[in-house]
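Naming: A, B, ... by sequence-line order, numbering from 1 per chain. Both backbone and side-chain heavy atoms feed into the values below; hydrogens, waters and symmetry mates do not.
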Amino acid sequence: MPELPEVETTLRGIRPHLIDQSVKAVVVRQRQLRVPVSRGLKSKLKDQVVRDIERRAKYLLFHFDCGTLAIHLGMSGRLRVISASVPIDKHDHVDLLFNNGAQLRFRDPRRFGLVVWLGKRPLTSRWLAHLGPEPLSDNFNGDYLYSRAANRRGAVKNFIMDGRIVVGVGNIYASEALHHAHIHPARGAGRISRHRYDDLCVAIKRVLARAIDAGGTTLRDYVSADGVPGFFEQQLAVYGREGSPCGLCSTLIRRRVIGQRSSFFCSQCQH
DNA sequence: CCGGCCACCTGCGGGC
DNA sequence: TGCCCGCAGGTGGCCG
């Protein structure tokens with residue numbers, strides 16, 4: 001489910017409820033996530049106060065005086081603040097209960113997600129240490145992308161989805177940004193001009209920012225209570241639109257597997 | 001360092 | 001109905 005906009009939207013949704021609150025209890029129903037949830041989590045967090053919550057890449061970082069807890073939503077994770085007594089689903093793996101009555105609930109059917117203790121220097125942990133720049137930051141720009149692409153022979157789509165190059169560009173927005181920038185997803189990363197990397201960088205920033213503004217509703221399973229599909233999905237130009245006409249030239253959108261992931265593009269507009 | 005491939009896991013929709 | 005197949009938002013790790 002979550003690309004970066006969903007993670008950012010989740011952050012904005014939960015933060016006001018949890019800042020300055022102290023942990024009353026930790027409930028772990030299923031510890032077999034991508035890595036096992038550590039057994040000491042309960043005693044470590046008990047009575048600790050949430051000093052801040054922030055996002056780095058697609059990780060949500062919960063800062064306490066004694067260290068930082070990271071939660072990653074993987075492919076199918078969701079994190080919600082609920083009031084007491086919402087029924088427990090079979091995939092509700094972890095709850096953090098707070099003294100103000102708030103309840104942070106982590107649900108993740110596929111269990112590719114992560115609830116992991118990073119200690120006092122989270123940025124040096126193995127999960128965060130090697131990550132590239134944030135896509136919406138100023139140090140992510142065309143110059144940077146172009147310089148990192150030198151001599152790389154792999155497909156540009158794989159290149160921009162590599163978290164060591166830039167974080168937060170998932171499978172949906174990689175296809176979208178490349179369409180915006182008129183770049184073919186299979187083109188070698190090292191065979192793209194400086195100027196076109198400017199365009200690609202702007203496109204990445206724009207598709208992510210627009211999705212965040214739309215409330216991070218990228219997903220097929222983000223359906224509102226009255227059954228209306230997620231708002232932003234209707235704005236996707238190519239992702240999931242195989243066989244329908246390109247909005248720019250009416251050529252039929254094609255799907256092709258690149259780096260074991262489905263990629264969508266217009267063979268007329270993108271080169 | 002780089003590219004290619006695999007693994008982890010559950011659910012859903014389509015075809016037969 | 002029910003089974004089997006392919007597909008799905010991520011990313012660390014391994015191998016050559």
Side-chain angles (χ1 to χ4, degrees), chain A residues 1-11 29-37 55-60 70-79 89-94 106-116 118 125-132 135 147-177 185-191 204 207-208 211-212 214-223 229-236 238-243 255-264:
Chain A
M1 136 179 131
E3 291 235 13
L4 182 137
E6 284 78 11
V7 180
E8 181 66 29
T9 300
T10 298
L11 169 66
R29 301 182 194 83
Q30 164 64 278
R31 62 179 70 251
Q32 295 307 310
L33 304 180
R34 187 142 70 91
V35 301
V37 179
R55 180 187 61 72
R56 172 73 175 108
K58 293 171 185 167
Y59 296 86
L60 290 168
I71 297 183
H72 193 289
L73 302 180
M75 292 275 261
S76 58
R78 279 200 207 195
L79 204 52
D89 179 87
K90 69 191 277 206
H91 300 300
D92 289 342
H93 304 316
V94 179
F106 176 70
R107 172 181 301 180
D108 185 11
R110 293 178 73 179
R111 286 190 275 129
F112 291 169
L114 209 55
V115 177
V116 65
L118 301 186
S125 70
R126 71 155 169 139
W127 302 102
L128 307 184
H130 61 88
L131 294 178
S147 65
R148 294 299 304 267
N151 302 317
R152 292 189 67 133
R153 314 176 74 88
V156 63
K157 177 162 179 278
N158 297 340
F159 174 66
I160 61 174
M161 290 180 68
D162 183 340
R164 292 164 299 187
I165 303 301
V166 57
V167 300
V169 182
N171 199 41
I172 295 176
Y173 296 111
S175 278
E176 291 298 305
R187 188 173 191 84
R191 295 185 50 255
I204 289 170
V207 295
L208 292 176
I212 292 169
T217 54
T218 320
L219 316 169
R220 65 178 106 252
D221 55 350
Y222 260 78
V223 175
F231 172 67
F232 192 74
E233 186 173 356
Q234 298 161 24
Q235 299 188 37
L236 295 177
V238 288
Y239 185 85
R241 296 204 179 286
E242 181 184 20
R255 183 181 85 94
R256 182 163 144 194
V257 175
I258 300 171
Q260 359 269 87
R261 312 296 299 276
S262 281
S263 309
F264 299 87

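- Dashed line: the shortest gap from a side-chain N or O of A:Y239 to OP1 or OP2 of C:dA8 is not under 4.0 Å.
- Listed candidates were B:dG11, C:dG10, C:dG12. Nearest to the side chain of A:P109 is B:dG11.
- Between A:H91 and B:dG11 there is a side-chain polar atom (N or O) within less than 4.0 angstrom of OP1 or OP2.
- Counting to the nearest Å, the P atom of B:dG3 and the CD1 atom of A:I258 are 14 Å from each other.
- The CD1 atom of A:I165 sits 4.5 Å away from atom CZ of A:F159, with the distance rounded to the nearest 0.5 Å.
- A close approach under 4.0 Å does not occur between any side-chain nitrogen or oxygen of A:S76 and OP1 or OP2 of C:dA8.
- Atom CZ of A:R29 is surrounded by more than 12 heavy atoms from other residues, nucleotides or ligands within 6.0 Å.
- The nearest whole Å value for the distance from the CG atom in A:L33 to the C1' atom in B:dC8 is 11 Å.
- Counting all heavy atoms, side chain and backbone alike, A:V37 lies closest to A:R31 at O-NH1, 2.7 Å.
- When the C1' atom of C:dG12 is taken as reference, atom CD1 of A:I165 falls 16 Å away, rounded to whole Å.
- Contact annotation for A:F159: no contact, since no heavy-atom pair falls under 4.0 Å across all strands.
- For B:dC9, the base has no donor-acceptor partner in the side chain of A:R111 [N/O atoms by modelled type, under 3.5 angstrom].
- To the nearest angstrom, P of C:dG12 lies 12 Å from CG of A:L118.
- Counting any heavy atom pair closer than 4.0 Å across all strands shown, A:Q260 reaches a base atom.
- Between B:dC8 and A:R110, no contact under 4.0 Å exists linking OP1 or OP2 to a side-chain N or O.
- Rounded to an integer number of Å, the gap from CZ of A:R78 to P of C:dG10 is 15 Å.
- Nearest to the side-chain atoms of A:R126 among the listed nucleotides B:dC2, C:dG13, C:dC7 stands C:dG13.
- Separating the CD atom of A:Q30 from the P atom of B:dC8 is a distance of 15 Å, rounded to the nearest angstrom.
- Each of C:dG12, C:dT11, C:dA8 was ranked by its minimum atom distance to the side chain of A:H130; first place goes to C:dG12.
- By the 5.5 angstrom centroid cut-off and the 30-degree plane limit, A:F112 is classified as stacked against the base of B:dC8.
- At the heavy-atom level, A:R255 lies under 4.0 Å from the strands shown only through sugar-phosphate atoms.
- If you take atom P in B:dC5 and the same atom in C:dC7, they sit 16 Å apart, rounded to whole Å.
- Searching all strands for a Watson-Crick or G-U wobble partner of C:dC3 with both distances below 3.5 Å returns B:dG15.
- Annotation: side chain of A:R55 is not in contact with side chain of A:T10 (no heavy-atom distance under 4.5 Å).
- Counting non-hydrogen atoms under 4.0 angstrom, A:R261 reaches a base of the nucleic acid.
- Salt bridge A:D162/A:R152: present, at least one basic N to carboxylate O contact under 4.0 Å.
- A residue-by-residue look at A:A150 and A:K90 shows that A:A150 has its nearest nucleotide of DNA chain B further toward the 5' end.
- Using a 4.0 Å heavy-atom criterion, one finds that A:G163 contacts no nucleic acid atom at all.
- Taking the six-membered ring where the residue is Trp, A:Y59 and A:W127 present tilted rings, their angle falling between 30° and 60°.
- One can place CZ of A:R164 at 12 Å from P of C:dT11, the figure rounded to the nearest angstrom.
- Taking atom CG on A:D108 and atom P on C:dA8, their separation rounds to 18 Å, with Å as the unit.
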